[in-house]
Engineer: 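Below you will find the structure I want to go over with you.
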Amino acid sequence: MLFPPSLSADLLARSFRATNGELGVLLIDATAFLDACDADDVAVLGWELWLVDHGWDRSGQPCLAPGYWIGVIPTRDGSGSVIAGSGNSDCTRNDVATLDLQAIIEDRWLPFVRINFTLAA
């Protein structure tokens, strides 16, 4: 399952949709997404951050690439990191609530950060 059936059309429209149909949800919409999962009895298994509308250039740096996403997020220390977690809806809510993206990710990347949720089939 890619998203819960009762997910609002507005939230769906604001989300990045990968070519395989998976969603990258705005962080401000994460709680509403999880609420829909709970309402529809859709089990949440975990999450990861995406950098949307970006790919890799030849030097190994993120570059604009509309429609693509990468799972390695450029971090303030100059490296890249997969930022993810595992666990049910409650665990995921806690993870999302305690994420301090401004401390981890350079400001220029923040508008492109989305969260993808792993859901049970």
Side-chain angles (χ1 to χ4, degrees):
M1 176 173 298
L2 300 174
F3 52 87
S6 70
L7 191 67
S8 78
D10 289 343
L11 192 151
L12 191 57
R14 288 190 298 274
S15 298
F16 174 86
R17 190 177 297 228
T19 56
N20 67 357
E22 286 188 74
L23 296 183
V25 176
L26 290 166
L27 272 290
I28 61 169
D29 288 332
T31 298
F33 186 96
L34 294 168
D35 289 345
C37 289
D38 291 345
D40 294 339
D41 292 322
V42 174
V44 175
L45 305 175
W47 59 275
E48 75 174 329
L49 295 185
W50 288 354
L51 190 68
V52 301
D53 291 328
H54 281 76
W56 296 107
D57 69 14
R58 291 187 178 147
S59 69
Q61 296 298 311
C63 63
L64 279 175
Y68 292 90
W69 64 271
I70 53 180
V72 177
I73 307 296
T75 54
R76 287 195 179 272
D77 66 5
S79 67
S81 183
V82 173
I83 301 172
S86 61
N88 64 17
S89 177
D90 291 336
C91 235
T92 299
R93 281 178 197 280
N94 185 59
D95 287 351
V96 171
T98 59
L99 274 175
D100 184 1
L101 295 184
Q102 291 183 322
I104 303 167
I105 302 169
E106 289 182 39
D107 292 343
R108 67 183 170 137
W109 301 117
L110 291 174
F112 301 101
V113 173
R114 301 292 184 276
I115 188 167
N116 171 262
F117 296 96
T118 304
L119 306 177

Engineer: Considering only distance and modelled atom types, tabulate donor-acceptor pairs under 3.5 Å from the side chains of residues 29-36, sequence neighbours left out.
Structural biologist:
residue, atom, partner, partner atom, Å
D29, OD1, R14, NH2, 3.0
D29, OD2, R14, NE, 2.9
D29, OD2, R14, NH2, 3.4
D35, OD1, R93, NH1, 3.0
D35, OD1, R93, NH2, 2.8

Engineer: Is P62 close to P74 at the side-chain level, that is, under 4.5 Å between some pair of heavy atoms?
Structural biologist: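 They are in side-chain contact.
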
Engineer: How far apart are the closest heavy atoms of T75 and S81, and which atoms are they?
Structural biologist: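 Scanning both residues completely, I find the closest heavy atoms to be CG2-CB, 3.9 Å.
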
Engineer: Measuring from D53:CG to C63:SG, what's the distance to the nearest 0.5 Å?
Structural biologist: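 Nearest 0.5 Å value for the CG-SG distance: 11.5 Å.
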
Engineer: Quick one: closest heavy-atom pair of S86 and D95, and the distance?
Structural biologist: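 Nearest pair, atom of S86 first, then D95: O-OD2, 4.4 Å.
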
Engineer: Could you measure the distance from the CZ atom of R114 to the CG atom of L49? Nearest 0.5 Å is fine.
Structural biologist: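 Going from the CZ atom of R114 to the CG atom of L49 covers 11.0 Å.
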
Engineer: Look at the side-chain heavy atoms of Ile, Leu, Val, Met, Phe, Trp and Tyr, link any pair under 4.5 Å apart, and say whether F112 and V96 land in one connected group.
Structural biologist: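 F112 clusters together with V96.
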
Engineer: Go through the steps to decide whether E48 and I115 satisfy the test side chain to side chain contact (heavy atoms under 4.5 Å, CB included), and finish with yes or no.
Structural biologist: CA-CA 6 Å; E48 75 174 329; I115 188 167; over 6 Å; no

Engineer: Heavy atoms only: give me the nearest C37-L119 pair and the separation to one decimal.
Structural biologist: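 Looks like SG-CD2, 3.8 Å.
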
Engineer: Within a strict 4.5 Å, meaning less than it, do heavy atoms of the R76 and I105 side chains meet?
Structural biologist: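 No, too far: nothing below the 4.5 Å cut-off.
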
Engineer: Test of understanding: clusters of I, L, V, M, F, W, Y form through side-chain heavy atoms closer than 4.5 Å, transitively. Do L12 and V42 belong to the same one?
Structural biologist: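 Hydrophobic grouping puts L12 with V42.
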
Engineer: What's the shortest heavy-atom distance between T92 and G46, and which atoms?
Structural biologist: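 For T92 versus G46, the nearest heavy atoms are OG1-CA, 4.3 Å.
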
Engineer: Check for me, please, whether Y68 and L51 land in the same ILVMFWY cluster - side-chain distances under 4.5 Å, paths through other members count.
Structural biologist: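 Cluster IDs for Y68 and L51 differ.
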
Engineer: Considering only distance and modelled atom types, tabulate donor-acceptor pairs under 3.5 Å from the side chains of residues 15-25, sequence neighbours left out.
Structural biologist:
residue, atom, partner, partner atom, Å
S15, OG, L11, O, 2.9
N20, OD1, E22, N, 3.0
N20, ND2, E22, OE2, 2.8
E22, OE1, N116, ND2, 3.2

Engineer: Are L7 and I28 connected in the hydrophobic side-chain network, where two residues link if heavy atoms are under 4.5 Å apart?
Structural biologist: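 Per the 4.5 Å side-chain linkage, L7 and I28 are not co-clustered.
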
Engineer: Apply side-chain hydrogen bond (donor to acceptor under 3.5 Å, both in side chains) to residues D10 and S8 and explain how you reach the verdict.
Structural biologist: CA-CA 5 Å; D10 289 343; S8 78; 5.4 Å; no

Engineer: Give me the one residue out of D41, V44, D40, D38 that meets side chain to side chain contact (heavy atoms under 4.5 Å, CB included) with P4.
Structural biologist: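 Going through the options one by one, the only one that passes is D40.
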
Engineer: Are I70 and I104 grouped together when hydrophobic residues (ILVMFWY) are joined by side-chain heavy atoms under 4.5 angstrom apart?
Structural biologist: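 Looking at the clustering, I104 is in the same group as I70.
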
Engineer: Should W109 and I73 count as side-chain neighbours, where that means a heavy-atom distance under 4.5 Å?
Structural biologist: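 A side-chain contact is absent here, since even the closest heavy-atom pair is not under 4.5 Å.
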
Engineer: Holding to salt bridge (Lys or Arg N to Asp or Glu O under 4.0 Å), I want the full list of residues that pass it with R108, two or more places apart in sequence or in another chain.
Structural biologist: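 If we apply the salt bridge (Lys or Arg N to Asp or Glu O under 4.0 Å) test to R108, skipping adjacent residues, the hits are E106.
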
